[in-house]
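For reference, the structure is listed below as structure tokens.
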There are 2 protein chains.
Amino acid sequence: MKVNKELLKGSTVILVLSMLDREPMYGYQMIKEIEKESSGVFMFKEGTLYPILHSLEAGGMIESYWWGNEGSRQRKYYKITEKGNSCLKEKRQEWETFSSAVDKVLNKEAFVWGQLMTQE
Amino acid sequence: MKVNKELLKGSTVILVLSMLDREPMYGYQMIKEIEKESSGVFMFKEGTLYPILHSLEAGGMIESYWWGNEGSRQRKYYKITEKGNSCLKEKRQEWETFSSAVDKVLNKEAFVWGQLMTQE
DNA sequence: ATCTATGCATAGTATAACTAGGTATGATTT
DNA sequence: AAATCATACCTAGTTATACTATGCATAGAT
């Protein structure tokens with residue numbers, strides 16, 4: 001199932017940082033990985049990911065280096081920095097706050113029902 | 001705690017529909033209610049909410065009517081329509097899919113640890 | 001009488017992901 | 001060997017959506 005792409009806004013950075021927190025990866029690899037991990041929910045476009053990687057690097061959140069076996073294709077790997085790691089921690093908390101708040105509003109009706117049933 | 005406003009993108013409509021699914025409300029009231037319900041996480045600006053209400057009405061998702069005690073202030077109430085209700089159902093499913101996918105990516109590390117510990 | 005909170009509305013701005021295009025390499029197919 | 005396709009990186013311009021800033025009006029409080 002695809003989701004409204006607008007839902008993705010604001011959550012791409014945390015997803016990128018979270019993946020690089022596990023292991024260094026290169027851009028194209030991240031696109032394929034996150035699609036697989038999310039069962040096709042997240043299908044990052046190159047025009048989305050690469051600019052994000054560049055801006056994260058400019059902000060000191062991640063670092064890049066070219067790497068590849070001799071004679072084979074070189075890929076640009078990114079790894080998370082200390083700064084990126086603490087940013088990730090903040091963003092995890094932020095996501096928790098946000099998603100809980102949405103759930104609270106979406107489920108208020110059910111919650112009220114629960115109260116009514118308890119009172120019976 | 002405030003969250004990145006960009007996180008909100010794509011989720012405002014579902015929040016609005018969800019509130020109107022409980023009872024008819026007027027714009028200003030919704031702003032105050034959702035701020036209270038979400039413990040200050042969602043602080044809709046009027047410039048955000050009113051255009052959304054207008055567009056939802058234009059799309060047949062909600063209907064409006066002026067109402068107020070005689071001699072007292074008139075307020076523009078909105079109520080959800082059948083069409084709005086089925087749209088809400090879809091969007092609930094979409095939110096579930098999206099937030100689960102984010103959680104899956106964010107918590108993959110912990111999940112892997114669990115696997116490793118089981119293998120020991 | 002003035003001030004503040006309430007209440008509706010909209011034009012213009014900022015932000016972030018996408019579209020659409022470009023370049024290049026390695027592997028597979030014909 | 002040539003053609004094709006998946007891989008791999010990049011960016012300028014577009015689009016969608018929430019926000020800023022502002023205007024107008026009413027009701028209650030000081």
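The side chain of B:E46 has C:dA9 as its nearest neighbour among D:dC10, C:dT6, C:dA9. Closest approach to the A:T48 side chain among C:dC8, C:dT25, C:dA17 is made by C:dA17 (side chain taken as heavy atoms from C-beta onward). Among C:dC18, D:dC19, D:dC10, the nucleotide with an atom closest to any side-chain atom of A:K45 is C:dC18. The side chain of A:K76 lies closest to D:dC10, out of C:dG26, C:dC18, D:dC10. Closest to the side chain of A:R73, out of C:dC18, C:dG26, D:dT11, is C:dG26.
Residue-level contact check: B:Y26 touches the backbone only, with heavy atoms under 4.0 Å from sugar-phosphate atoms and none from bases. Using a 4.0 Å heavy-atom cutoff across all strands shown, A:Q29 reaches no nucleic acid atom at all. Using a 4.0 Å heavy-atom criterion, one finds that A:G47 contacts the bases of the nucleic acid, with or without backbone contacts as well.
Going from atom OH of B:Y28 over to atom C1' of D:dC24 covers 15 Å, rounded to whole Å. To the nearest angstrom, C1' of D:dT20 lies 14 Å from CD1 of B:I31. For the pair A:F44 CZ and C:dC18 C1', the computed distance is 12 Å after rounding to whole Å. The interatomic distance linking B:I52 (CD1) with C:dA9 (P) rounds to 14 Å, in whole Å. Between the CD atom of B:Q74 and the C1' atom of C:dC8 there is a distance of 13 Å, given to the nearest Å. When rounded to the nearest whole Å, the span between OH of A:Y50 and P of C:dT19 equals 16 Å. Atoms NE2 (A:H54) and P (C:dA17) sit 15 Å apart, rounded to a whole Å. Here C:dG7 presents its P atom at 14 Å from CG of B:L53, a figure rounded to the nearest Å.
A:S39 and B:K104 share a side-chain donor-acceptor pair at under 3.5 Å. No side-chain donor-acceptor contact under 3.5 Å links B:T81 and B:E63.
Using a cut-off of 4.0 Å between Lys/Arg side-chain N and Asp/Glu carboxylate O, B:E37 and B:R22 are scored as salt-bridged.
Annotation: side chain of A:L20 is in contact with side chain of A:M25 (closest heavy-atom distance under 4.5 Å).
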Quiz item: Could you walk me through whether A:E96 and A:S100 pass the side chain to side chain donor-acceptor pair (under 3.5 Å) check?
Solution: CA-CA 6 Å; A:E96 185 53 40; A:S100 307; 3.1 Å; yes
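On a pure distance criterion of 3.5 Å, no polar donor-acceptor pair joins the side chain of B:R75 and the base of C:dT6.
Where A:S72 and A:L49 each meet DNA chain C at their nearest nucleotide, the meeting point lying more 5' is that of A:L49.
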